[in-house]
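Step one of this worksheet: look at the structure below.
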Amino acid sequence: GNYLQHLHLEAVEYIGLEQSEGMVNQCKSKIEKLGLENSKAVQGSAFEIPFPDEEFTAVITTQTVHHFGGEEKIQQVLKECARVLKKGIFLKSNLDGIMIINHSGVIQSSTCWWCRLLPSWDAFAKKNCVESEVIVNLGSAWFDHIATDMIKETLTRQDLFENPKYIISKDGRKTDSSWRAVPENEVTDAVAFVEKLLAEKKWEEWFEVILTDLDKYGQSNNVVLLKK
């Protein structure tokens with residue numbers, strides 16, 4: 001429900017699609033708590049979206065591409081998203097048929113500081129992360145390419161530099177799937193490493209290295225597509 005919360009606008013209906021029943025229930029609780037009357041969470045798979053053809057004006061997927069399982073599966077999801085999108089019309093007053101894909105390439109996927117501490121993440125990223133041009137090509141049968149922008153996430157320094165204790169907490173680790181993509185012993189070691197840095201007041205010095213890579217590679221990309 002994090003993205004539904006930030007996307008909340010009156011006069012627009014938002015539907016969040018999530019495969020996990022537990023996460024759907026969490027999202028529903030957050031929606032109710034925050035009073036987001038125009039948002040709802042639905043359990044389902046991106047491979048078989050439980051809605052009819054041309055149901056939505058836009059589709060947004062954020063940091064999920066690397067979980068689809070390779071290029072063939074990514075293409076399957078793109079085809080399914082095209083099915084549920086209205087026909088593309090790209091005007092200032094009408095953005096029907098828009099799909100926005102926020103994703104990280106192989107190098108970008110490791111610019112998050114916690115990924116540097118998870119040895120198995122590098123292999124996972126090389127196997128599952130793809131670059132923007134690959135996504136554009138995979139979806140070319142159903143979408144025209146509108147734009148690709150690098151996201152440097154200027155708030156990263158403030159959000160993560162000041163809150164490492166939260167990121168390594170149980171609640172914080174729930175906000176990023178990379179923690180769940182590696183063995184538990186790597187998570188334990190990473191948490192211990194950060195706790196040691198904080199205790200020795202060396203966190204700031206270590207984190208400066210990460211910021212250098214953020215400026216060079218960015219943390220993610222937005223690929224904007226329009227249904228043909």
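The figures that follow rest on heavy atoms only: side chains count, while hydrogens, waters and symmetry mates do not.
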Linked, directly or transitively: [X] and [Y] (ILVMFWY side chains, under 4.5 Å):
X      : Y      : result
Leu117 : Tyr166 : yes
Val84  : Leu17  : yes
Ile107 : Met150 : no

### Message
Does Glu200 have more than 12 heavy atoms from other residues, nucleotides or ligands lying within 6.0 Å of its CD?
### Response
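For Glu200, atom CD is crowded (more than 12 foreign heavy atoms under 6.0 Å).
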### Task
Return yes when atom CD of Glu133 has more than 12 non-hydrogen atoms of other residues, nucleotides or ligands closer than 6.0 Å, and no otherwise.
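Buried by this count: over 12 neighbours within 6.0 Å.
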Please tell me if the side chains of [X] and [Y] come closer than 4.5 Å, counting only heavy atoms from C-beta onward.
X      : Y      : value
Val224 : Thr148 : no
Ile100 : Val59  : no
Asn221 : Ser104 : no
Val187 : Asn185 : no
Phe124 : Val182 : no
Ile135 : Leu138 : no
Ile167 : Arg173 : no
Lys73  : Gln76  : yes

I need the minimum non-hydrogen distance between [X] and [Y], along with the two atoms involved.
X      : Y      : answer
Val42  : Pro50  : CG1-CG, 4.2 Å
Ala190 : Leu118 : CB-CD2, 4.0 Å
Leu225 : Ile101 : CD1-CD1, 3.8 Å
Glu131 : Val106 : OE2-N, 3.1 Å
Val194 : Pro164 : CG1-CB, 4.2 Å
Leu85  : Gly97  : CD1-O, 3.8 Å

### Query
Are Trp179 and Trp121 near enough that their ring centres are under 6.0 Å apart?
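No, too far apart.
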### Message
Does either side chain, that of Ser220 or that of Gln108, offer a donor lying less than 3.5 Å from an acceptor on the other one?
### Response
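Not at all, the side chains of Ser220 and Gln108 share no donor-acceptor pair under 3.5 Å.
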### Task
Return yes if a side-chain donor-acceptor contact under 3.5 Å exists between Asn102 and Asn222, otherwise no.
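A donor-acceptor contact under 3.5 Å links the two side chains.
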### Message
Less than 4.0 angstrom from a charged side-chain N to a carboxylate O is my criterion; do Glu80 and Arg83 meet it?
### Response
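Answer for the salt bridge query: yes.
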#### Entry: Salt bridge Lys28-Glu32, side-chain N to carboxylate O under 4.0 Å
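No, no charged N to carboxylate O under 4.0 Å.
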To the nearest 0.5 angstrom, please state how far the [atom1] atom of [X] sits from the [atom2] atom of [Y].
X      : Y      : atom1 : atom2 : answer
Gln19  : Thr64  : CD    : OG1   : 11.0 Å
Thr61  : Ile74  : OG1   : CD1   : 10.0 Å
Leu197 : Glu205 : CG    : CD    : 9.0 Å
Ser109 : Gln63  : OG    : CD    : 9.0 Å

Verify, without hydrogens or angle tests, whether [X] (side chain) and [Y] (backbone) share a donor-acceptor contact under 3.5 angstrom.
X      : Y      : result
His103 : Val130 : yes
Lys40  : Ile15  : no
Lys228 : Ser140 : yes
His66  : Phe68  : no

### Derivation of the side chain to side chain contact (heavy atoms under 4.5 Å, CB included) call for Ile49 and Cys81
CA-CA 8 Å; Ile49 299 174; Cys81 288; 4.1 Å; yes
### Cation-pi check, Lys86 onto Phe56 ring (under 6.0 Å, within 45° of axis)
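Negative - Lys86 is either too far from the ring of Phe56 or too far off its axis.
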### Query
Of Leu226, Leu78, Ile146, which is the lone residue that meets side chain to side chain contact (heavy atoms under 4.5 Å, CB included) with Met99?
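Answer to the side chain to side chain contact (heavy atoms under 4.5 Å, CB included) test with Met99 among Leu226, Leu78, Ile146: Leu78.
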### Message
Please verify the inter-ring angle class for Trp203 with Trp206; under 30° counts as parallel, over 60° as perpendicular, anything in between as tilted.
### Response
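Correct class here is tilted.
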